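Right, one structure below, let's go through it.
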2 protein chains.
Amino acid sequence: MKKRVTVKQIADEIGMSMMTVSRALNENGNINKKTREKVLKTAKKLGYIPNFVAKSLVQQKTFTIGVIIPEITHSFFPEVIRGIEEVAYQSKYQIILAHSAEDQQKEKLAIRTLASKRVDGLLISTAQSVTEFDHYQEVVSHGLPLVSFDRCVYDIGVSTVSIDDELSAEQITEHLIKIGYKKIAHLAGPVTVSIGKKRLNGFKKALKKNKLVLNEDFIIPSGFQEADGYNSMKKLLKLPKTKRPRGIVAVNDPAAFGAMKAILEEGYKIPEDFALVGFSDDIRAELMEVPLTTIRQPAYELGRIATQKLIAHIENSKEKVEEIILPTEIVVRSSCGFKSSS
Amino acid sequence: MKKRVTVKQIADEIGMSMMTVSRALNENGNINKKTREKVLKTAKKLGYIPNFVAKSLVQQKTFTIGVIIPEITHSFFPEVIRGIEEVAYQSKYQIILAHSAEDQQKEKLAIRTLASKRVDGLLISTAQSVTEFDHYQEVVSHGLPLVSFDRCVYDIGVSTVSIDDELSAEQITEHLIKIGYKKIAHLAGPVTVSIGKKRLNGFKKALKKNKLVLNEDFIIPSGFQEADGYNSMKKLLKLPKTKRPRGIVAVNDPAAFGAMKAILEEGYKIPEDFALVGFSDDIRAELMEVPLTTIRQPAYELGRIATQKLIAHIENSKEKVEEIILPTEIVVRSSCGFKSSS
DNA sequence: AAAAATATTGTTAACGTTAACATAAGGTTT
DNA sequence: AAACCTTATGTTAACGTTAACAATATTTTT
């Protein structure tokens with residue numbers, strides 16, 4: 001490997017000080033036009049590549065954002081990442097991507113590593129298995145800006161960007177109720193995760209509002225993965241027929257896909273035997289054997305806004321901590337058994 | 001923001017030298033057990049977070065890998081990234097993710113930025129619009145390890161990890177021929193990109209091998225996006241009926257989805273009017289209105305292997321440059337019109 | 001032409017860490 | 001007890017850059 005070219009070498013080459021070269025390369029401060037041209041020419045000639053590591057050390061700033069997501073293969077997250085990347089790019093930040101794979105330990109470690117790498121800020125969507133938040137608190141107390149998105153953490157003094165999970169869950173549950181379903185179950189996410197809890201609350205609220213009794217047995221602790229939905233639905237199908245629900249509200253689309261698989265596998269029909277709705281409008285939702293009624297989340301927009309907020313926090317320590325809520329939309333397809341009146 | 005805790009502060013606190021503290025924290029070298037415990041305790045007490053930026057500067061190593069991908073929303077890439085992340089994680093590397101959005105300029109800039117950030121290596125899948133490769137050559141000549149994956153660049157002395165695009169394209173084209181189609185068109189990717197060229201070559205080879213004449217009009221310059229496939233197919237559909245192809249080999253699944261849309265939109269049937277095949281087994285392929293016959297690529301595995309190879313290059317400058325080729329599998333669904341004999 | 005203002009360049013130290021070498025303390029061998 | 005290991009710790013310099021201040025050259029003002 002060639003010896004790397006440094007500012008010093010450029011300086012020696014043209015017989016000037018390092019500072020002058022630095023100034024020329026950064027186009028700041030007062031500097032003679034000719035000098036600058038000479039520096040730039042020499043830099044090019046020698047194949048100079050600036051060393052951001054050294055620069056970061058001096059300036060205490062890396063222009064890097066850490067992004068921690070729980071599951072990159074859910075179509076929601078790549079969309080979010082696209083939004084994140086785009087805004088970051090415009091503001092000259094790069095992103096370090098870490099994948100917690102829904103695992104608390106990995107998430108903790110990722111946070112620590114990213115803090116060590118001195119990212120300027122952190123964007124986190126909480127892993128499913130996370131039950132305590134000391135690790136967030138820790139970095140926050142060190143002054144590292146953090147924005148919590150999608151699966152948020154509240155009350156630790158950070159901005160959050162999400163949709164109104166409770167309201168959306170209420171709406172989609174109510175949609176089932178309006179169609180006429182009365183016995184409705186919820187494949188719930190872990191309540192330690194914001195969206196798990198909020199969607200469950202929304203589900204309950206819809207029942208209450210419509211004066212339906214809440215059957216605790218119809219709240220099935222599940223998870224965010226397809227396999228979770230599958231297993232939970234299998235459990236429901238083991239109930240005697242009269243004790244089974246007729247409508248299913250899954251905590252998200254992957255779980256709904258799993259439930260759909262379980263239902264169809266046992267020879268039941270959707271929506272004739274079971275009405276099913278999901279949450280998040282996964283890219284596959286409209287393509288499933290029975291197209292899935294779901295809630296559309298503005299993933300790309302969410303990524304953009306979370307990043308804008310984070311950069312605002314990074315660049316202005318007085319930036320207000322906010323809970324930002326983005327609008328959703330219910331997408332009615334056939335899995336809920338709704339007959340359009342047209 | 002709290003003043004950041006440094007090795008020096010720990011050293012002062014316990015009245016020892018920075019070097020001793022450094023040794024204790026890194027668990028290397030000779031050090032008294034008691035001293036080490038004291039250091040660790042003090043580090044914890046003060047809330048010490050090691051500064052990798054400084055460490056990177058000294059050790060000329062960042063434990064960071066740059067990953068540049070052209071389109072994060074194609075389901076292929078998130079899978080690849082999952083593989084990359086996993087292997088990187090195991091070897092204690094982080095990944096900086098950059099999105100070229102199929103744009104040459106962005107790709108160039110990303111490479112330069114990542115080189116400046118002193119990533120230890122680079123993993124690149126070439127953007128669609130890339131026509132020259134100086135920017136690869138440049139970093140390579142600076143001694144920065146690079147592994148080219150999926151959409152590869154050859155003859156610049158870097159390892160490549162891909163599937164056998166030519167053979168796979170030949171196989172899937174031949175599959176159409178075997179079913180009985182003779183007038184087959186190819187929605188081609190840009191030939192400046194490896195997979196564009198290789199898949200086109202495979203297509204041609206299949207025709208030749210089976211003694212079909214190659215109609216140059218049936219090679220439609222297209223692209224990797226759904227819109228590209230849609231537009232190209234629309235063009236084909238404008239041809240008088242007798243001049244139209246009966247089979248369509250799309251350069252990848254998104255392009256095939258676009259073509260499918262165009263075909264169905266005009267009231268034609270698949271496979272009755274047009275047989276259609278794609279490439280890459282996008283997550284949606286099996287769920288489409290007409291399930292798509294395609295080539296399955298081991299995306300996750302590809303990410304893993306590319307990363308293993310890159311880390312090998314990083315950690316051993318004598319590591320052999322290789323062209324690694326992974327196996328594919330043809331996935332026959334209904335869009336090709338194949339009737340299984342069972 | 002002296003004084004003042006401006007433009008340009010240079011010097012020193014710092015960012016936080018570790019490599020390489022140096023020293024000291026204690027234990028062993030002969 | 002002199003010579004020699006070991007083990008533990010310390011010192012100095014370096015990684016590549018820029019901030020803060022200092023100095024000099026040039027231009028403008030009076």
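Here is how names work: the chains are called A, B, and so on, in the same order as the sequence lines, proteins then strands, and each is numbered from 1. What you are looking at is a predicted structure, and each value in this text was computed from that prediction instead of being measured.
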Exercise. Does D:dG16 have OP1 or OP2 sitting under 4.0 Å from an N or O in the side chain of B:Gln60?
Worked result: yes
Exercise. Any salt bridge (Lys or Arg N to Asp or Glu O under 4.0 Å) pairs touching residues 22-39 of chain B, not counting sequence neighbours?
Worked result: none
Problem set entry | Pairing residues for A:Thr160 by the side-chain hydrogen bond (donor to acceptor under 3.5 Å, both in side chains) criterion, not counting sequence neighbours | none
Exercise. Which one, C:dG16, C:dA7, D:dT9, comes nearest to the side chain of B:Thr6?
Worked result: C:dG16
For this session: Could you list the residues that satisfy salt bridge (Lys or Arg N to Asp or Glu O under 4.0 Å) with B:Asp103, not counting sequence neighbours?
Result: none
For this session: Just grab all the salt bridge (Lys or Arg N to Asp or Glu O under 4.0 Å) pairs involving residues 130-159 of chain A, residues at least two apart or on different chains.
Result: A:Glu102-A:Arg151, A:Lys108-A:Glu132
Show me, pair by pair, the donor-acceptor contacts under 3.5 angstrom made by side chains of residues 13-22 of chain A, not counting sequence neighbours?
| residue | atom | partner | partner atom | Å |
| --- | --- | --- | --- | --- |
| A:Glu13 | OE2 | A:Lys45 | NZ | 2.9 |
| A:Ser17 | OG | A:Met19 | N | 3.4 |
| A:Ser17 | OG | A:Thr20 | N | 3.3 |
| A:Ser17 | OG | A:Thr20 | OG1 | 3.2 |

Exercise. Between A:Leu25 (CG) and D:dT17 (P), how many Å, whole number?
Worked result: 9 Å
Exercise. Is there a donor-acceptor contact under 3.5 Å from the side chain of A:Gln9 to the main chain of A:Arg4?
Worked result: yes
Exercise. Is a side-chain N or O of A:Asp120 found less than 3.5 angstrom from the main chain of A:Ile65, in a donor-acceptor match?
Worked result: no
Problem set entry | Sub-4.5 Å side-chain heavy-atom contact between A:Ile124 and A:Ile111 | yes
For this session: Mind grabbing the angle between the end helix axes of the helix from C:dA1-D:dT30 to C:dT30-D:dA1? Five pairs an end, 10° rounding.
Result: 50°
Can you name the atoms? Protein N/O to nucleotides 22-25 of chain C N/O, anything below 3.5 Å, with the distance.
none

Exercise. Between residues 12-22 of chain B and DNA chain D, which residues have a heavy-atom gap below 4.0 Å?
Worked result: B:Met16, B:Ser17, B:Met19, B:Thr20
For this session: Check the distance between D:dT17's C1' and B:Lys117's NZ and give it to me in whole angstrom.
Result: 15 Å
For this session: To the nearest 0.5 angstrom, please state how far the OG1 atom of B:Thr113 sits from the NZ atom of B:Lys106.
Result: 11.5 Å
Pairs of donor and acceptor atoms involving the side chains of residues 85-97 of chain B, under 3.5 Å and at least two apart or interchain, shall be tabulated with distances.
| residue | atom | partner | partner atom | Å |
| --- | --- | --- | --- | --- |
| B:Glu85 | OE2 | A:His99 | N | 3.4 |
| B:Glu86 | OE1 | B:Tyr300 | OH | 3.3 |
| B:Glu86 | OE2 | B:Tyr300 | OH | 2.6 |
| B:Glu86 | OE2 | B:Arg304 | NH1 | 3.0 |
| B:Tyr93 | OH | B:Lys61 | NZ | 2.6 |
| B:Tyr93 | OH | B:Glu315 | OE2 | 2.9 |
| B:Gln94 | OE1 | A:Lys117 | NZ | 3.0 |

Problem set entry | Near-strand residues of residues 51-59 of chain B, defined as heavy-atom separation under 4.0 angstrom from DNA chain C | B:Asn51, B:Ala54, B:Lys55, B:Val58, B:Gln59
Problem set entry | Residues forming a side-chain hydrogen bond (donor to acceptor under 3.5 Å, both in side chains) with B:Asn32, sequence neighbours excluded | none
Pairs under 3.5 angstrom, nitrogen or oxygen only, protein versus nucleotides 26-28 of chain D, please.
none

Problem set entry | Any B:Asn30 side-chain N or O less than 4.0 Å from OP1/OP2 of D:dT9 | no
For this session: Please determine if a side-chain N or O atom of B:Asn26 lies less than 4.0 Å away from the OP1 or OP2 oxygen of C:dT18.
Result: yes
